[in-house]
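Data block below; observations after.
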Amino acid sequence: MRRGYPPVWLGILLLTLAVFWRMAGAPVTAEEFGALETPFWQMRTLAPARMTRIFRLWFSAPAEPADDLLLREDAGEEGLSLARQTGEDQQKNMTVWLEDGLHSMPLESYVCGVVAAEMPAAYHLEALKAQAVAARTRAVRQQRDGGCSRHPGADICGDSACCQGYVGETACREKWGGEFEFYRKRVMQAVLETKDELLRYDGEPITVLYHAMSGGRTEDAQAVFSQSLPYLVSVDSTGEESARGFYTDTAFSYEEAAQLLNGHFRGLNLTAQQLRQTFSVASYTDSGRVKSVTAGERTLDATEVRKALSLRSTLFSISMDETGITFHQRGYGHGVGMSQTGANSMAADGADYRAILAHYYPGTELGNEE
């Protein structure tokens, strides 16, 4: 070896790392970094599938047998479908309101669309399974309770602010791009492996609530929705701290904040100067979230303040200076029920979907749809 040249093993190592870097979809040029669509946190999920594809090409491995389950467009309706090549199972049907009207679809097909919409498909498979059970239970319970209150004739709607999000095949292809087939199989596996399973309390399907990220501890339903349920209570949700968006700051000028609050709370008539002089936290819930705030001469519900200001969470502190007010938030969502980020963290630590659901919905049991 000539002096001044790197050792051969180092060159091989660097070449190998470069290959793996590209196989994981990592960018190389400045333009690729700017157009990056696949976050690095998905690399652990995507890399094995991409490596498998490359090795098949290199070694001419035989093709995989045809899937027993297919994802397809159903009878002209956009949707994620569980359909057996040997014929469709007889399934409970759901009437779902989407933006283009009412659609009737099998329950399990509907659950596929909810999981694809509500949880990142790169999450751990056990977290996706927990989401599938939660989504199915929410749909069955709502159907039994009379359907969607905002859309007559629908059991449930595809609006996450009202019922549950839902996406069909076309939207998933746009959302997942070149990883469509990989993520499709993950979502369908999660739904298939939990098929017909519901969360029950005293034998009845429960009222299901879930959210993106608790901020470290979930909230009691009583504190947010004024309804006490024994399985929707505050529990620890560890392992979320490293997730993107765990800490976020949202800043407003006093004028902007006063305008938004006045638009949401009837008769508030708050000036920027009054806001600056009086705005403060009035009370907290047992989980540490803000329960109410003082603004002017009024005490405002923090959940409504969150809506008015489009805050990510009521788990916040505030700081104020000459220019305005800043909300320092933790987590994302109302905080009740299962934390999706927490579920993913539990799964990464070895918990299966049964343990995840038992943790976030204490006292419930898993049972099949009757």
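What you are looking at is a predicted structure, and each value in this text was computed from that prediction instead of being measured. Heavy-atom basis, side chains included; hydrogens, waters and symmetry copies ignored.
- For the side chain to side chain contact (heavy atoms under 4.5 Å, CB included) test, residues two or more places apart in sequence or in another chain that qualify with His334 are Leu209, His211, Val224, Phe225, Arg306, Val336.
- A search for salt bridge (Lys or Arg N to Asp or Glu O under 4.0 Å) contacts involving Lys307 returns Glu304, not counting sequence neighbours.
- A salt bridge does not link Glu169 with Arg184: every distance from a Lys NZ or Arg NE/NH1/NH2 to an Asp or Glu carboxylate oxygen is 4.0 Å or more.
- In terms of heavy atoms, Pro362 sits closest to Val235 at CG-CG1, 4.4 Å.
- Using modelled atom types and a 3.5 Å distance limit, the side chains of Thr238 and Asp236 yield no donor-acceptor pair.
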Under 3.5 Å, which donor-acceptor pairs link side chains of residues 147-159 to any protein atom two or more places apart or in another chain?
from   : atom 1 : to     : atom 2 : distance (Å)
Asp155 : OD2    : Thr95  : N      : 2.8
Asp155 : OD2    : Gln143 : NE2    : 3.0
Asp159 : OD1    : Ala161 : N      : 3.0

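- Nearest heavy atoms, Phe265 versus Ala308: CE1-CB, 4.4 Å.
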Next on the checklist: Quick one, Met188 with Tyr183, criterion side chain to side chain contact (heavy atoms under 4.5 Å, CB included). Give me CA distance, side-chain angles, the key distance, then yes/no.
Outcome noted: CA-CA 9 Å; Met188 293 182 63; Tyr183 285 145; over 6 Å; no

Next on the checklist: Please evaluate residues Leu357 and Leu366 with respect to the criterion side chain to side chain contact (heavy atoms under 4.5 Å, CB included), reporting the C-alpha separation (whole Å), side-chain torsions for both, the decisive distance (0.1 Å), and the verdict.
Outcome noted: CA-CA 9 Å; Leu357 293 169; Leu366 276 173; 4.1 Å; yes

Next on the checklist: Evaluate Lys291 against Tyr284 for side chain to side chain contact (heavy atoms under 4.5 Å, CB included), listing each step before the verdict.
Outcome noted: CA-CA 5 Å; Lys291 182 177 182 180; Tyr284 294 90; 5.5 Å; no

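- No hydrogens or angles considered: nothing links the side chains of Tyr254 and Gln277 as a donor-acceptor pair under 3.5 Å.
- Once rounded to the nearest 0.5 Å, the distance linking OG1 of Thr364 with CG of Leu199 reads 4.5 Å.
- Looking only at side-chain heavy atoms (C-beta outward), Asn93 and Met105 stay at 4.5 Å or farther from each other.
- In terms of heavy-atom proximity, Cys112 sits nearest to Val191 at SG-CG2, 3.7 Å.
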Checklist entry - Given the rule in the side chain to side chain contact (heavy atoms under 4.5 Å, CB included) test, do Glu219 and Thr285 qualify, once you have shown the distances and angles that lead to the verdict? => result CA-CA 8 Å; Glu219 182 60 284; Thr285 69; 2.7 Å; yes

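- Ion pairing of Glu204 with Arg141 is absent here, as no side-chain N (NZ or NE/NH1/NH2) approaches a carboxylate O to less than 4.0 Å.
- Inspection of the Asp249 and His328 side chains reveals an N or O donor paired with an N or O acceptor under 3.5 Å.
- Between Tyr361 and Tyr231, the distance from one ring center to the other does not fall under 6.0 angstrom.
- Each of Gln222, Arg217, Arg289 was checked for a side chain to side chain contact (heavy atoms under 4.5 Å, CB included) with Ser234, and the lone residue meeting it is Arg217.
- By the 4.0 Å N-to-carboxylate-O rule, Lys185 lies too far from Glu181 to be salt-bridged with it.
- Placement of Ile356 and Met213 in two distinct hydrophobic clusters is found when ILVMFWY residues are connected by side-chain heavy-atom separations under 4.5 Å, directly or transitively.
- Salt-bridge annotation for Glu197 and Arg136: absent, with no side-chain N of the basic residue lying under 4.0 Å from a carboxylate O of the acidic one.
- Closest approach of Tyr123 to Gln340, counting heavy atoms only: CE2-O, 3.5 Å.
- Interatomic distance, CG of Asp145 versus OG1 of Thr207, reported as 6.5 Å (0.5 Å rounding).
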